[in-house]
> 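Below are the structure tokens for one structure; questions will follow.
Naming convention: chains lettered A, B, ... in sequence-line order (proteins, then strands); numbering from 1 in each chain. Note that this is a predicted model, so its numbers are computed, not measured.
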Amino acid sequence: MRLSRYFLPILKETPKEAEIVSHRLMLRAGMMRQQAAGIYSWLPLGLKVLRKIEGIVREEQNRAGALEMLMPTVQPADLWIESGRYDDYGKEMLRISDRHDRSMLYGPTNEEMITEIFRSYVRSFRDLPLNLYHIQWKFRDEVRPRFGVMRGREFFMKDAYSFDLDKESARRAYHRMFVAYLRTFARLGMQAIPMKADSGPIGGDMSHEFIVLASTGESGVFCHKDLLDMPVPGEDVDFDSDLSPIVDAWTSLYAATDEKHDEAAFAAVPEDRRIAARGIEVGHIFYFGTKYSDPMNAKVTTADGQNVPVHMGSYGIGVSRLVGAIIEASHDDNGIIWPASVAPFDAAVVNLKQGDAATDAMCERLYGEMRAAGFDALYDDTDQRAGAKFATMDLIGVPWQVVVGPKGLASGEVELKNRATGERASLTPEAAMNRLVAEARGAS
RNA sequence: CGGGGCAUAGCGCAGCCUGGUAGCGCAACUGCUUUGGGAGCAGUAGGUCGCAGGUUCAAAUCCUGCUGCCCCGACCA
């Protein structure tokens, strides 16, 4: 992408409504624009990141055996009346009427709808287990939206729903999502720690929040330091096998958010292994048994001819929230430091003297080579001053920047800059490209 | 939903107390000079001062009501 043809409305000054760093940086980097409290338009740069995160979430859901579908944003109220939640949900639910005065709502979640779909088609235990998910916009009319996309009213979320014959198979479904989540967050370049969550009387030990550690996080968290070095299951993990050893390893060490913090249990952790930090919830998985299948009559026939309600679980990842969470966890005074897997561009060419024949030619060459090598490359071909260009690249967080100017070219060199470390190296164009390709291969 | 604050050009702000021709910085546009970490000079354009009432000869400014947005708390992916 040539910057001169791109839509990147960078702000030099910080809009006053933005308090936390991810919100400030997303506005300054031209990623999004607020349209109303907690409602945002995603501009090209922001959308690229959102889509990259979405893609990783999707790949890991598919790998774990979940099946993608897509449910609508607007739902009929009938389903919610049937489950008994229409009145319970209160003012957080955006209620609307269609032209026939039928009660509708903008979906805050999809348990009812997925249960309706399930019960219409699935009748036999032979069709289980089943896990259906979608990635869709949702709306919760929060009293006080804040922190930009971290707590918007409209948000983009992956939610998966598992259906099983009994609690034991539901536990296996839960474990599959647990492992999928470990992999997902690791691929997003984050340290996410599963922490035991309260799920009411039904869930028992099957409810976890996945918390990303970030110094600017919204809630205090306490955990065992070894969790930071716990190995994340690789691509070859067999989701048909017994995953409980992995889950057990991750859940045997102390980890709790401040509301569930147990000072005594934490004191039992060796002192040099204790971590008190801050974190952001980016995922939540839980088992809720027959909470919806019972009232909504979602039953299957067992091998011995009984009709029993299915055991369900649901598994959410806040995709749009993750954009903010990643920034909270990875930024510096100059701007965003994207993990390679979600960066809006893989690498950039910075032309320090647009209009200079030799510089232009070298930039075009490197830009072409980057694309040929499979990079999503950004070429700053504008005639801005060098300082402004550097500031923009750092602000939007392009991981690798190749700086080309007449001074360097005079000695046959360009500069390769690493956004995360700030390291700059003067190299021949060939060496710079080789290094880029090698680094990219190592990172993926 | 309790408490607090803000609303003036695309963005950040001053002006309001003490009513009288709406200003500054950045961004934009034009020209010249600059050109390796957010350039300088000169010029141009851009605002029914959130909305509606009221007071007044006169309202951005004073009064009343409304709306929107932000922050703290309670609540939530």
> Is any side-chain heavy atom of A:Thr251 closer than 4.5 Å to one of A:Lys196?
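Side-chain contact under 4.5 Å: no.
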> To the nearest 0.5 Å, how far apart are CD1 in A:Ile327 and CG in A:Leu322?
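So the CD1 of A:Ile327 and the CG of A:Leu322 are separated by 11.0 Å.
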> Whom does B:rA74 pair with, Watson-Crick or G-U wobble, provided both distances fall under 3.5 Å?
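Because no pair has both required distances under 3.5 Å, B:rA74 counts as unpaired.
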> Suppose you measure atom C1' in B:rG68 against the same atom in B:rA74; what distance do you get, rounded to whole Å?
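Pairwise C1' distance, B:rG68 against B:rA74, rounds to 23 Å.
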> With the side chain of A:Glu415 defined as its heavy atoms from C-beta on, choose the nearest nucleotide among B:rG38, B:rG36, B:rA77.
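Among B:rG38, B:rG36, B:rA77, the one nearest the side chain of A:Glu415 is B:rG36.
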> On the ring face of A:Tyr292, is A:Arg85 found with NZ or CZ under 6.0 Å from the centre and within 45° of the axis?
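Pair A:Arg85/A:Tyr292 does not count as cation-pi.
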> Measure across A:Val342 and A:Trp338 and return the closest heavy-atom pair with its distance rounded to 0.1 Å.
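Residues A:Val342 and A:Trp338, closest heavy atoms: CG2-CE3, 3.8 Å.
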> What's the CE-P distance between A:Met150 and B:rA77, to the nearest Å?
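About 14 Å, once rounded to whole Å.
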> Name the residue from A:Gln61, A:Glu54, A:Glu60 that meets the side chain to side chain donor-acceptor pair (under 3.5 Å) definition with A:Arg58.
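Among A:Gln61, A:Glu54, A:Glu60, the one meeting side chain to side chain donor-acceptor pair (under 3.5 Å) with A:Arg58 is A:Glu54.
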> For the side chain of A:Arg424 and the base of B:rG37, is some donor closer than 3.5 Å to an acceptor across the two?
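Yes, a donor-acceptor pair under 3.5 Å.
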> Closest approach to the side chain of A:Glu13, judged atom by atom: which nucleotide of B:rA77, B:rG12, B:rC69 is it?
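Given the options B:rA77, B:rG12, B:rC69, the side chain of A:Glu13 is closest to B:rG12.
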> Using atom NZ of A:Lys16 as one end and atom P of B:rC6 as the other, report the distance to the nearest whole Å.
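For the pair A:Lys16 NZ and B:rC6 P, the rounded distance is 9 Å.
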> Check every strand shown and say whether A:Lys91 touches a base, only sugar-phosphate, or nothing at a heavy-atom separation below 4.0 Å.
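Contact class for A:Lys91: sugar-phosphate only.
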> Report the nucleotide, chosen from B:rA77, B:rC72, B:rG36, that has the shortest atom-to-atom distance to any side-chain atom of A:Arg144.
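Selected nucleotide: B:rC72.
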> Determine whether A:Glu281 and A:Met195 make a side-chain contact, defined as any pair of heavy atoms from C-beta on separated by less than 4.5 Å.
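Answer no - side chains too far apart.
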> Can you tell me, in whole Å, how much space there is between the P of B:rU34 and that of B:rC17?
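These two P atoms come out 49 Å apart once rounded.
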> Using a heavy-atom cut-off of 4.0 Å across all strands, would you classify A:Gly405 as base, sugar-phosphate, or nothing?
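Base, at least one base atom sits under 4.0 Å.
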> Look through every strand shown and name the nucleotide pairing with B:rU35 as Watson-Crick or G-U wobble, where both distances are under 3.5 Å.
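Per the H-bond distance test, none.
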> Applying a 3.5 Å limit to both distances, which nucleotide forms a Watson-Crick or G-U wobble pair with B:rC6?
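Here B:rC6 is engaged in a pair, and the nucleotide opposite it is B:rG68.
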> Is it the case that the side chains of A:Asn62 and A:Tyr133 hold a donor-acceptor pair, with the cut-off being a distance below 3.5 Å and no angle test?
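Yes - a donor-acceptor pair under 3.5 Å links their side chains.
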> Of the options B:rG37, B:rC71, B:rG38, whose atoms approach the side-chain atoms of A:Glu19 most closely?
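The closest nucleotide is B:rC71.
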> Identify whether any heavy atom of A:Ala36 sits under 4.0 Å from a base atom; if not, whether one sits that close to sugar-phosphate; answer base, sugar-phosphate or nothing.
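Sugar-phosphate contact only.
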> Of all the nucleotides listed (B:rG38, B:rG37, B:rC75), which has the minimum atom distance to the side chain of A:Arg151?
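Closest nucleotide to the A:Arg151 side chain: B:rC75.
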> Please report the distance separating the C1' of B:rC76 from the corresponding atom of B:rG38, rounded so that it comes out in whole Å.
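Nearest-Å result for B:rC76 against B:rG38 at atom C1': 39 Å.
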> For A:Lys12 and B:rA27, what is the distance between atoms NZ and P respectively, to the nearest whole Å?
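A:Lys12 atom NZ is separated from B:rA27 atom P by 4 Å.
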> Can a side chain N or O of A:Arg321 be found less than 4.0 Å away from OP1 or OP2 on B:rC76?
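For B:rC76, OP1/OP2 do not have a side-chain N/O of A:Arg321 under 4.0 Å.
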> Respond yes when some side-chain nitrogen or oxygen of A:Gln34 is under 4.0 Å from OP1 or OP2 of B:rC70, and no when none is.
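For B:rC70, OP1 or OP2 has a side-chain N or O of A:Gln34 closer than 4.0 Å.
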> Can you tell me how far P of B:rG4 sits from CD of A:Glu17, to the nearest Å?
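So the CD-P distance, A:Glu17 to B:rG4, works out to 23 Å.
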> Would you mind reading off the distance between A:Asp381 atom CG and B:rU35 atom P, rounded to a whole angstrom?
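Interatomic distance, CG of A:Asp381 to P of B:rU35: 21 Å.
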> Would you indicate which nucleotide in B:rG12, B:rC75, B:rA27 comes nearest to any side-chain atom of A:Glu142?
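Within the option list, the nearest is B:rC75.
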> For B:rA42, give its Watson-Crick or G-U wobble partner with both distances under 3.5 Å, or none.
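Base partner found: B:rU30.
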> What is the base-pairing partner of B:rG23, counting Watson-Crick and G-U wobble geometry with both distances under 3.5 Å?
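Check on B:rG23: paired to B:rC13, both distances under 3.5 Å.
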> Using Watson-Crick or G-U wobble geometry with both distances below 3.5 Å, tell me the partner of B:rG53, or none.
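Base-paired to B:rC63.
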> From C-beta outward on A:Val143, which listed nucleotide comes closest to its side chain: B:rC1, B:rG38, B:rG36?
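Among the listed nucleotides, the one closest to the side chain of A:Val143 is B:rC1.
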